[in-house]
Every structure is written in C-alpha cells, then in structure tokens.
Amino acid sequence: MKEDLINQYSQTLINIYPKKYLKNCLYDYIVVLKDQETPIEKNNILYTNYQDFFKHDYFTYPIPIYRKPRKLLTYQESMTILNNMNYGSLAITDDIPYCVSLNHFVVDQHIYFHCGQQGYKLKGLNQLACYHVVEDLGIHQEAFTNNHNSVVVYGILKEVKKNKKALLEAFLKRFTPDFTKDLTVQAIENTKILELEIIHITGKKHFH
C-alpha cells in the first residue's frame with residue numbers, strides 16, 4: 001500500500017506515515033501533500049498538508065517541524081538526492097551525542113549502511129537516529145549564502161541479518177561497479193548491514 005501511495009502522489013507527496021509510527025491515530029496511513037488545502041479522509045487514509053499534520057500530536061517521537069514549508073522538497077526529490085549522494089552523517093544519542101560519516105545506499109526506498117562488527121555507532125541500534133546529506137550547489141556571493149539541497153531522515157537504526165549477500169552486492173554495484181569478484185562467506189559474515197527504517201524525511205531547497 002505504501003509503495004502504491006508513493007507512486008500515485010509522486011509529484012506532490014512530502015511524507016507518508018503508517019499507523020505504526022504514530023500515536024493518537026485512527027487512520028491506516030497519513031499522507032502529507034504539498035497541494036492539499038484541507039484534510040480529507042478516504043478509505044481510512046488521511047490526506048493533509050504539512051502545517052496541519054504538525055498541529056496534531058501524531059508523532060511517537062518529538063521530531064521537529066521545519067519552519068519554512070515552502071522550501072520543502074517532495075518525497076521523491078528527497079529520495080533522488082539520497083540516491084545521488086555518496087555519503088552523509090549518521091547521528092545517534094547514547095551517553096553523549098555521536099555523529100559519524102558513512103556511505104549509504106538505497107534499495108526499494110530503504111536506506112542501508114555497511115560497517116564492521118564493532119564501533120560506537122552500534123550503540124544506536126534499535127533507537128531513534130538521524131541521517132543527514134547535503135548536495136552542495138555552490139556559493140552565491142551576492143546573497144552571502146551557500147546554495148544547497150539537504151535531506152534529513154529520522155528512523156530506527158536496525159541491524160539486517162537476512163539477504164546480506166544481496167544487499168552487499170547492491171552496495172558494491174553502487175560504489176564499485178567494476179568489481180567482479182564473488183563475495184566470500186567470510187566477507188559477508190564479517191560485515192554488518194544496518195538499515196535506517198524511515199519514520200520521517202525532510203528535504204529542503206536553499207537557493208538564491
């Protein structure tokens with residue numbers, strides 16, 4: 001259903017939220033659209049706009065509102081930026097705030113990372129994490145600003161234990177397309193695959 005809604009509203013969709021990520025919600029999904037002036041309920045799906053969505057206390061997590069919704073990118077534009085960028089910054093909170101730069105890859109609207117068997121980032125597993133990428137569009141000297149597109153993703157960081165070989169092959173195809181050797185069992189076992197299960201995504205355009 002989620003994929004069908006993403007495809008159906010690809011030109012105006014900002015976010016889509018399944019019920020499992022929300023509280024005080026009677027709908028199966030809430031679909032946030034750029035051009036939706038007033039909320040409409042249809043087939044137990046609520047179609048609404050960005051400002052109205054944040055007026056209600058739907059989020060299980062205290063995710064901040066973006067104060068300039070006119071600059072928001074669509075969901076598909078945000079995913080395109082994620083697909084085009086090679087790396088970003090993953091932020092977790094443990095005893096201290098912690099941020100690390102990582103390569104990411106996207107498969108079927110899911111964001112994945114690879115890493116070793118140890119590392120501080122693993123303290124963020126099964127908790128809310130944040131991932132940020134920036135597409136630099138250059139300095140606009142007359143406006144005293146740095147033009148850019150950016151995407152912030154909030155989600156639950158999870159370890160993936162199934163289909164690791166296929167995901168690692170997707171990673172290699174993304175970053176090293178000329179690599180032709182088969183992955184060994186040891187290489188697969190020594191590598192962790194992490195997924196940031198998307199709860200909320202905000203893409204914005206800063207351009208003068």
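Keep in mind the model is a prediction, meaning the values are calculated, not measured.
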- Query: For the rings on Tyr61 and His200, is their centre-to-centre separation under 6.0 Å?
  - Reply: no
- Could you check if a side-chain atom of Val32 sits within less than 4.5 angstrom of a side-chain atom of Thr48, using non-hydrogen atoms only? yes
- Look only at the side chain of Lys68 and the backbone of Lys204, and say whether a donor-acceptor pair between them is shorter than 3.5 Å. no
- Query: For Lys2, does the NZ atom have more than 12 heavy-atom neighbours from other residues, nucleotides or ligands under 6.0 Å away?
  - Reply: yes
- Message: Could you walk me through whether Leu183 and Leu172 satisfy the side-chain contact (heavy atoms from CB on, under 4.5 Å) test, starting with their C-alpha distance in whole Å, then the side-chain angles of each, then the deciding distance to 0.1 Å, before giving a yes or no?
- Response: CA-CA 10 Å; Leu183 289 168; Leu172 291 173; 3.6 Å; yes
- Message: Taking CG in Leu26 as the centre, count heavy atoms belonging to other residues, nucleotides or ligands within less than 6.0 Å. Is the count above 12?
- Response: no
- Query: Any ion pair linking Lys173 and Glu169 (charged N to carboxylate O, less than 4.0 Å)?
  - Reply: no
- Message: Could you check whether any side-chain heavy atom of Ile201 comes within less than 4.5 Å of a side-chain heavy atom of Met79, counting everything from C-beta outward?
- Response: yes
- Gln127 CD: over 12 foreign heavy atoms closer than 6.0 Å: yes
- Query: Are there more than 12 heavy atoms of other residues, nucleotides or ligands under 6.0 Å from atom CD of Gln118?
  - Reply: no
- Message: Is it the case that the side chains of Asn83 and Arg174 hold a donor-acceptor pair, with the cut-off being a distance below 3.5 Å and no angle test?
- Response: no
- Message: Quick check on Lys158: does its NZ atom have over 12 non-hydrogen neighbours (other residues, nucleotides or ligands) under 6.0 Å away?
- Response: no
- Message: Exactly one of Phe54, Tyr50, Phe59, Tyr29 should register a ring pair (Phe, Tyr, Trp, His ring centres under 6.0 Å) with Tyr17. Which one does?
- Response: Phe59
- Message: Between Asn49 (side chain only) and Gln36 (backbone N and O only), is there a donor and an acceptor less than 3.5 Å apart?
- Response: yes
- From the list Tyr66, Tyr27, Tyr58, Tyr47, ring pair (Phe, Tyr, Trp, His ring centres under 6.0 Å) partner of Phe53 resolves to Tyr58
- Message: Consider ring pair (Phe, Tyr, Trp, His ring centres under 6.0 Å). Of Tyr87, Tyr112, Tyr131, Phe113, which one does His104 pass it with?
- Response: Tyr131
- May I ask you to check whether over 12 heavy atoms, not counting those of Asp52, lie within 6.0 Å of atom CG? yes
- Message: Can you confirm whether Val153 sits close enough to Leu82 that some side-chain heavy atom of one is under 4.5 Å from a side-chain heavy atom of the other?
- Response: yes
- Heavy-atom side-chain proximity of Pro18 to Tyr21 below 4.5 angstrom: yes
- Query: Does any N or O in the side chain of Lys34 come within less than 3.5 Å of the main-chain N or O of Leu72, such that one atom is a donor and the other an acceptor?
  - Reply: yes
- Side-chain heavy-atom pair Val152, Cys130 within 4.5 angstrom cut-off: yes
- Message: Less than 4.5 Å apart, side chain to side chain, heavy atoms only: is that true for Leu33 and Leu13?
- Response: yes
- Query: Can you find a heavy atom in the side chain of Leu194 that is under 4.5 Å from one in the side chain of Leu102?
  - Reply: no
- Query: Does a sphere of radius 6.0 Å around CG in Asn43 hold more than 12 heavy atoms from other residues, nucleotides or ligands, not counting ones at 6.0 Å or beyond?
  - Reply: no
- Message: Counting neighbours of CG on Asp35 that are heavy atoms of other residues, nucleotides or ligands and sit closer than 6.0 Å, is the number greater than 12?
- Response: yes
- Residue among Asn147, Thr145, Asn149 satisfying side chain to side chain donor-acceptor pair (under 3.5 Å) with His206: Thr145
- Query: When Val31 is tested against each of Ile40, Asn15, Leu5 for side-chain contact (heavy atoms from CB on, under 4.5 Å), which residue passes?
  - Reply: Leu5
